[in-house]
Amino acid sequence: GVSYIDNRGERDHVFPPQFDFEWQTVSRDSYVEGRRSYVSVLDRVFLDPLGGTLDIRLEDNTEDGQLVISEPVDEPDQTLYDCEIGYAELGDLILLRVVPYREPAPRFYVVNTLARTARREDAEPLVVLVDAVLVHLQAVRHVVPHLRRGSDGRGGKDRTDHGQHH
């Protein structure tokens with residue numbers, strides 16, 4: 001027959017963490033009230049879930065604030081504090097996990113502060129991270145290709161210099 005030995009096996013299966021980074025929660029200091037209220041994430045990304053849309057901006061000092069994403073929310077009358085916001089900073093990338101009021105699932109966004117772009121990515125967060133890093137690397141190569149080579153375009157010194165000092 002079958003006999004009970006112990007319950008040690010319950011602790012043998014420890015699952016790895018779902019993410020390779022720690023999600024942070026925005027603090028109360030991040031909430032900015034005013035004519036245009038918003039939530040500041042690291043003073044680099046600004047979220048506004050008010051008025052029926054979730055707006056993500058890269059500036060807080062201009063009227064349009066360099067709007068990079070604007071999407072409808074299910075509950076247009078939510079307040080700034082009704083929306084759950086988490087973030088992770090990975091260099092120039094800021095990952096956002098946003099749960100607007102009364103919505104069943106989080107929305108994930110990848111904000112590339114170097115390329116000044118953002119996109120929604122509700123796939124598995126690990127896939128989001130891998131894709132985001134690849135997109136980030138492509139953007140870095142596109143934005144700053146001249147930093148990798150000398151002025152002759154081949155990685156060497158400028159041909160007119162010939163390494164001599166005049």
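As a basis for the values below, the full set of heavy atoms in this structure was taken, side chains included, without hydrogen atoms, waters or symmetry mates.
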Does E103 use its side chain to pair, donor to acceptor, with the backbone of V73 at less than 3.5 Å? no
Between T113 and R44, what is the shortest heavy-atom contact and its length? OG1-NH2, 2.8 Å
Is the backbone N or O of Y87 less than 3.5 Å from a side-chain atom of Q24, with the two atoms forming a donor-acceptor pair by type? no
Same cluster or not: L67 versus L47, using hydrophobic residues (I, L, V, M, F, W, Y) connected whenever any side-chain heavy atoms lie under 4.5 Å apart? no
What's the separation between atom CG in D82 and atom OH in Y101, rounded to the nearest 0.5 Å? 5.5 Å
State, to 0.1 Å, how close F46 and S40 come at their nearest heavy-atom pair, and which atoms those are. CE2-OG, 3.4 Å
For the student: nearest non-hydrogen atoms of A105 and V99, plus distance: O-CG1, 4.4 Å
If you look at every heavy atom in Q78 and P49, which pair is closest and at what distance? CG-O, 3.5 Å
Evaluate R28 against Y81 for side-chain contact (heavy atoms from CB on, under 4.5 Å), listing each step before the verdict. CA-CA 9 Å; R28 288 291 182 194; Y81 300 96; 2.3 Å; yes
Going by heavy atoms in the side chains, are V111 and L93 under 4.5 Å from each other? no
Decide yes or no for V39 and D48: does some side-chain heavy atom of the first lie under 4.5 Å from some side-chain heavy atom of the second? no
Minimal non-hydrogen separation, W23 against L95, with atom names: CZ3-O, 3.6 Å
With rounding to the nearest 0.5 angstrom, report the CG to CG distance, L50 to D55. 9.0 Å
Locate the shortest heavy-atom distance separating C83 from P100; write the atom from each residue and the value. SG-CA, 3.8 Å
Say you draw a straight line from OG of S30 to CG of L42; how long is it, rounded to the nearest 0.5 Å? 8.0 Å
Side chains of V32 and D60 in contact at under 4.5 Å (non-hydrogen atoms): no
Distance alone, cut at 3.5 Å: any donor-acceptor contact between the side chains of T117 and N112? no
Could you give me the CA-CA distance, side-chain angles and deciding distance for R107 and E84, then say whether salt bridge (Lys or Arg N to Asp or Glu O under 4.0 Å) is met? CA-CA 10 Å; R107 302 178 185 192; E84 293 177 33; over 6 Å; no
Is the closest side-chain heavy-atom distance between T25 and I85 below 4.5 Å? no
Candidates L58, I56, V45 - the one meeting side-chain contact (heavy atoms from CB on, under 4.5 Å) with I94: V45
Quick one, L96 and F108 - any side-chain contact, counting heavy atoms below 4.5 Å? no
Distance-only side-chain donor-acceptor flag, E33 / Y38, under 3.5 Å: no
Lys/Arg-Asp/Glu bridge criterion (N-O < 4.0 Å) met for R57, E59: no
